Peer 1: 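Quick one: the structure is below, and I'll ask about it shortly.
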Protein chains: 4
Amino acid sequence: MILQATQDLLLERGYYDTSMGEIAQRVGVAKGTLYQHFESKEALMIVLFKREFHDLQVAIEQIAHMQVGAQEKMTLMIDTLCYHIAEKHPLFFILRNASDLQAEIHYEIKETFNGMREQIALMLDEGKAEGIFNACLPTEVMLEALFGIIVSRLFKNFHEGLQVQYGDLVGHLRCIYFHGISAPTTTDESKLCP
Amino acid sequence: MILQATQDLLLERGYYDTSMGEIAQRVGVAKGTLYQHFESKEALMIVLFKREFHDLQVAIEQIAHMQVGAQEKMTLMIDTLCYHIAEKHPLFFILRNASDLQAEIHYEIKETFNGMREQIALMLDEGKAEGIFNACLPTEVMLEALFGIIVSRLFKNFHEGLQVQYGDLVGHLRCIYFHGISAPTTTDESKLCP
Amino acid sequence: MILQATQDLLLERGYYDTSMGEIAQRVGVAKGTLYQHFESKEALMIVLFKREFHDLQVAIEQIAHMQVGAQEKMTLMIDTLCYHIAEKHPLFFILRNASDLQAEIHYEIKETFNGMREQIALMLDEGKAEGIFNACLPTEVMLEALFGIIVSRLFKNFHEGLQVQYGDLVGHLRCIYFHGISAPTTTDESKLCP
Amino acid sequence: MILQATQDLLLERGYYDTSMGEIAQRVGVAKGTLYQHFESKEALMIVLFKREFHDLQVAIEQIAHMQVGAQEKMTLMIDTLCYHIAEKHPLFFILRNASDLQAEIHYEIKETFNGMREQIALMLDEGKAEGIFNACLPTEVMLEALFGIIVSRLFKNFHEGLQVQYGDLVGHLRCIYFHGISAPTTTDESKLCP
DNA sequence: CATGAATGAGTCTTCATTCAT
DNA sequence: AATGAATGAAGACTCATTCAT
């Protein structure tokens with residue numbers, strides 16, 4: 001499958017060092033065949049990223065519609081994100097990292113991406129309403145911090161001999177994030193709004 | 001100045017979409033002039049990144065040698081990082097993101113970079129020893145979380161109409177990170193090691 | 001054919017003044033096409049020279065294995081060399097001349113070239129053993145003299161209005177070379193070893 | 001001296017790998033200074049070659065005006081040529097070899113060169129008149145054979161461990177050439193005109 | 001539909017030459 | 001006269017894209 005080969009190559013070499021020729025060679029077809037399926041390199045990437053994010057998008061939507069507290073939703077959220085980023089979709093890392101990716105690609109992905117952001121933003125707002133997340137923190141900042149922590153180099157290096165176990169790593173990140181955004185206790189004034 | 005123009009272009013277009021021709025054009029000189037000052041595109045980038053990180057490196061070293069507690073050191077650390085990243089050195093963002101940057105560049109920067117990482121790791125370990133940071137979290141994870149949170153897209157978008165004030169943003173990020181990594185209180189068992 | 005156009009251009013302008021662009025233009029294709037057939041300019045030249053010398057190499061080998069005297073072998077040798085140099089392979093002239101040709105090219109051709117030199121050296125040694133060539137002359141000197149005389153500018157100018165006929169020219173060169181290296185007669189002491 | 005440095009560089013690297021920058025650096029002046037003395041790279045080369053050949057030209061003229069037989073003249077001629085080529089003027093080799101040298105250079109040198117050729121041609125004609133050189137050989141062919149033999153790779157390799165002594169080498173080349181062009185004896189019919 | 005040779009704009013880099021100081 | 005930074009045309013090479021078979 002073209003998309004799979006592209007993904008592999010993307011992870012091995014990065015966007016700019018992956019040529020259409022290499023993709024074709026890897027798939028075992030001619031370059032022309034690629035262009036019969038995808039209008040351009042950009043189009044191929046867009047389809048690839050969209051497909052890759054689709055599962056995640058669905059999972060997030062399911063979580064968003066669950067009838068549980070924000071805390072639990074976000075816990076599932078983080079686990080899901082970690083799962084997709086670490087195990088199945090290291091492309092997430094590329095997408096976030098590749099400030100180089102052509103603007104067109106980012107533009108096309110944005111819609112999908114913004115949908116996910118909004119769903120998570122809602123969860124965070126729910127948490128604030130429930131009083132369990134720190135209402136002083138702007139949701140956007142919390143959101144960015146989430147991605148900052150989760151889309152971590154650690155997952156990229158995961159298979160390259162990191163001594164931490166996957167489950168523990170997820171636990172640590174969840175721990176840091178949750179305590180980072182949790183509402184202040186009565187004895188903790190450092191979290192009050194400025 | 002060549003370096004300034006290069007930096008601007010790098011932020012606008014990314015490494016691979018910034019050609020020596022464009023840089024020259026932006027500076028207002030001929031391509032050949034660039035090569036009189038920098039042996040190659042790679043060399044130019046290396047000089048650029050090294051220069052940009054030098055101030056930060058010095059600042060971090062000063063903080064590391066202060067005779068104050070880990071909490072205070074890390075507070076200064078975060079402020080310094082934010083200052084350099086947001087105001088002076090958006091290249092930090094590119095460097096962290098550009099997994100595509102040619103290997104040679106990463107190799108050259110690595111030394112500088114690893115020096116900074118080690119200094120911060122020591123601070124975090126001091127904090128663990130003092131009992132104020134969560135000893136259950138591997139230092140490496142804490143370190144990566146710090147960069148994840150601080151080297152934020154938010155700073156990149158800062159001048160593009162983010163409604164949060166700079167001071168507040170730094171405060172929020174500091175807040176999230178510190179609560180994320182702080183040692184568990186007696187009543188909080190969620191931070192205990194797995 | 002690319003090789004033919006390259007050869008023509010090489011003869012007109014020399015190696016360094018023949019650009020891939022010009023070759024492409026001469027052939028009537030785009031630069032990229034050249035690179036689809038030859039990995040680099042050097043590779044193109046190597047293929048060109050090797051192809052050109054192949055016939056000559058084969059011819060020389062055939063002569064070397066003939067069951068005739070050294071005199072006859074060398075006669076055929078000279079005729080063959082002249083034929084290839086004058087009519088079919090003016091590249092011989094370039095190769096001998098272009099001290100500027102990149103080292104890689106010379107390196108690649110050397111094997112072929114040395115093979116030819118050795119075969120001819122053996123013929124000359126046979127001639128010395130037969131007593132028909134002057135044993136006082138080092139074989140290497142005889143060899144170099146052969147190439148010096150035969151790989152002549154005269155062949156290069158041949159089609160440019162030299163008044164001598166091809167057959168005569170070959171005859172003259174053969175005459176000079178043979179009398180130059182022939183063994184001394186009893187009455188001729190000027191050829192004795194110093 | 002600029003010319004000396006240029007000559008050295010030319011011999012080390014060849015024409016196309018010698019840049020004006022390198023010449024300037026070797027001399028210890030700025031590039032601009034070079035252009036104050038020589039209008040262009042070509043002009044520099046022309047002056048260089050002309051200067052280098054001047055001594056040879058003078059020597060040849062002296063020989064030409066001597067009141068001795070052609071045989072003796074040509075003997076001196078060969079010794080002189082060898083001396084200049086081997087010891088003092090390996091540039092001769094470059095000039096003859098560098099079919100790459102820009103046309104302009106060849107054009108400018110030609111005059112000097114043709115002067116020398118003519119003088120030698122006259123000697124050869126004298127020899128034919130005296131009956132000691134083979135009248136069947138066109139003078140032009142004899143001339144070209146002379147240069148072919150003398151401007152030999154052997155002199156280039158001379159300092160690189162050739163086992164033949166300089167004096168012997170000159171002797172051998174002289175031997176080959178003289179016997180090659182000498183007039184036929186009564187018993188030798190192979191030299192008769194076709 | 002598949003192919004892959006052909007395309008050509010674009011990239012980095014070099015170097016002879018100029019010119020303000 | 002000397003300098004050397006600046007110039008820009010030119011060269012080798014790459015690669016996304018097209019199109020005739």
Side-chain angles (χ1 to χ4, degrees), chain A residues 2 6 13 15-25 27-45 102 104, chain B residues 2 13 15-25 27-45 102 104, chain C residues 2 9 13 15-25 27-45 102 104, chain D residues 2 6 9 13 15-25 27-45 102 104:
Chain A
I2 295 175
T6 306
R13 300 210 209 298
Y15 179 71
Y16 278 88
D17 284 340
T18 299
S19 70
M20 292 301 266
E22 271 175 315
I23 295 173
Q25 198 172 6
V27 185
V29 300
K31 269 187 287 182
T33 310
L34 252 46
Y35 282 87
Q36 220 123 30
H37 295 284
F38 304 97
E39 219 179 35
S40 66
K41 190 181 181 185
E42 272 189 349
L44 168 56
M45 295 302 163
Q102 283 153 278
E104 175 74 11
Chain B
I2 294 174
R13 299 213 209 300
Y15 178 72
Y16 278 90
D17 281 340
T18 298
S19 72
M20 292 301 266
E22 270 175 314
I23 295 173
Q25 201 171 0
V27 186
V29 300
K31 264 185 292 183
T33 308
L34 254 46
Y35 283 88
Q36 208 132 29
H37 294 285
F38 304 96
E39 228 178 26
S40 67
K41 190 181 179 184
E42 271 191 348
L44 168 55
M45 297 301 163
Q102 281 155 280
E104 174 76 10
Chain C
I2 293 174
L9 238 12
R13 299 212 210 300
Y15 179 72
Y16 279 90
D17 281 340
T18 299
S19 72
M20 292 300 266
E22 269 176 314
I23 294 173
Q25 202 172 0
V27 186
V29 300
K31 263 184 292 180
T33 308
L34 255 46
Y35 283 90
Q36 209 133 29
H37 294 284
F38 304 96
E39 227 178 27
S40 66
K41 190 180 179 183
E42 270 190 350
L44 168 55
M45 296 301 164
Q102 280 154 278
E104 174 75 10
Chain D
I2 293 174
T6 305
L9 241 11
R13 301 211 210 299
Y15 180 71
Y16 279 88
D17 284 340
T18 298
S19 70
M20 292 299 267
E22 271 175 315
I23 295 173
Q25 199 174 3
V27 186
V29 300
K31 269 187 285 182
T33 310
L34 250 48
Y35 281 87
Q36 220 123 30
H37 294 284
F38 303 97
E39 219 179 37
S40 68
K41 191 181 178 184
E42 272 189 349
L44 167 56
M45 295 300 163
Q102 283 153 277
E104 175 74 10

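Computed from heavy atoms alone, side chains included, the values below leave out hydrogens, waters and symmetry copies. Chain identifiers are assigned alphabetically (A, B, ...) following the order of the sequence lines, protein sequences preceding nucleic acid strands; residue numbering begins at 1 within each chain. This structure is a prediction, so every number in the text was calculated from the model and none was measured.
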Peer 1: Between atom CD in C/Glu39 and atom P in F/dC15, what is the gap in whole Å?
Peer 2: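 C/Glu39 atom CD is separated from F/dC15 atom P by 13 Å.
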
Peer 1: CD of A/Gln25 versus C1' of E/dT3: gap in Å, rounded?
Peer 2: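 Interatomic distance, CD of A/Gln25 to C1' of E/dT3: 15 Å.
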
Peer 1: Would you say the base of F/dT17 and the side-chain of A/Lys31 have a donor-acceptor pair closer than 3.5 Å?
Peer 2: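 Answer yes: a donor N or O sits under 3.5 Å from an acceptor.
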
Peer 1: If only side-chain N and O atoms of D/Lys41 are considered, is one of them under 4.0 Å from the OP1 or OP2 phosphate oxygen of E/dA16?
Peer 2: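 True: D/Lys41 side-chain N/O within range (under 4.0 Å) of E/dA16 OP1/OP2.
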
Peer 1: Please name the pair of heavy atoms, one in C/Lys31 and one in C/Gly21, separated by the smallest distance, quoted to 0.1 Å.
Peer 2: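 Of all heavy-atom pairs spanning C/Lys31 and C/Gly21, the closest is CG-CA, 3.9 Å.
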
Peer 1: Output the rounded distance in Å from CG (C/Leu44) to P (F/dG11).
Peer 2: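 Taking atom P of F/dG11 as the reference, CG of C/Leu44 is at 16 Å.
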
Peer 1: Of D/Ala30 and A/Gly21, whose nearest nucleotide on DNA chain F comes first from the 5' end?
Peer 2: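 Nearest nucleotide further toward 5': that of D/Ala30.
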
Peer 1: Rounded to whole Å, please give me the gap between OH in B/Tyr35 and P in F/dA10.
Peer 2: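 To the nearest whole Å, that distance equals 18 Å.
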
Peer 1: Just how far, in rounded Å, is P of F/dG11 from CG of C/Leu9?
Peer 2: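 So the CG-P distance, C/Leu9 to F/dG11, works out to 11 Å.
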
Peer 1: Mapping C/Gly28 and B/Ser19 to their closest nucleotides on DNA chain E, which lands nearer the 5' end?
Peer 2: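 The residue mapped nearer the 5' terminus is C/Gly28.
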
Peer 1: Hey, is the side chain of C/His37 poking within less than 4.0 Å of OP1 or OP2 on E/dA6, counting only N and O atoms?
Peer 2: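 So the side-chain polar atoms of C/His37 do come within 4.0 Å of the phosphate oxygens OP1 or OP2 of E/dA6, strictly under.
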
Peer 1: Whole-Å distance between E/dT3 P and A/Ile2 CD1?
Peer 2: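 Distance, rounded to whole Å: 10 Å.
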
Peer 1: Closest heavy-atom contact between A/Ala30 and A/Ala24?
Peer 2: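 Smallest interatomic distance, heavy atoms only, reads C-CB, 4.0 Å.
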
Peer 1: Looking at E/dG8, which nucleotide sits across from it as a Watson-Crick or G-U wobble partner, both distances under 3.5 angstrom, or is there none?
Peer 2: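 Its partner is F/dC15.
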
Peer 1: OP1 or OP2 of E/dA2 versus the side-chain N and O atoms of A/Gln36: is any pair under 4.0 Å?
Peer 2: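 Yes, within the criterion.
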
Peer 1: Can you see if the side chain of A/Thr33 gets near the phosphate of E/dT3 - specifically, an N or O under 4.0 Å from OP1 or OP2?
Peer 2: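 For A/Thr33, the contact criterion (side-chain N or O under 4.0 Å from OP1 or OP2 of E/dT3) is met.
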
Peer 1: Ignoring hydrogens, what is the shortest heavy-atom contact between C/Val27 and C/Ile2? Give both atom names and the distance.
Peer 2: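 Nearest pair, atom of C/Val27 first, then C/Ile2: CG2-CA, 3.9 Å.
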
Peer 1: Nearest whole Å is fine: how far is E/dC12 C1' from B/Leu34 CG?
Peer 2: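 Rounded to the whole Å, the gap is 11 Å.
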
Peer 1: Side chain of C/Ser40 only, heavy atoms from C-beta on: which candidate in F/dT17, F/dC13, E/dG8 is closest?
Peer 2: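 Closest nucleotide among those given: F/dC13.
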
Peer 1: When both hydrogen-bonding distances must be under 3.5 Å and the geometry is Watson-Crick or G-U wobble, what is E/dT21 paired with, if anything?
Peer 2: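 Its partner is F/dA2.
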
Peer 1: At their closest point, which heavy atom of A/Tyr15 faces which heavy atom of A/Glu42, and how far apart are they?
Peer 2: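 Minimum heavy-atom contact is OH-CG, 4.3 Å.
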
Peer 1: For a 4.5 angstrom cut-off between non-hydrogen side-chain atoms, does A/Leu34 reach A/Lys41?
Peer 2: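 Result no, sub-4.5 Å side-chain heavy-atom pair not found.
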
Peer 1: Roughly, in whole Å, what's the span from CE in A/Met20 to P in E/dT3?
Peer 2: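 One finds 14 Å between P of E/dT3 and CE of A/Met20, rounded.
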
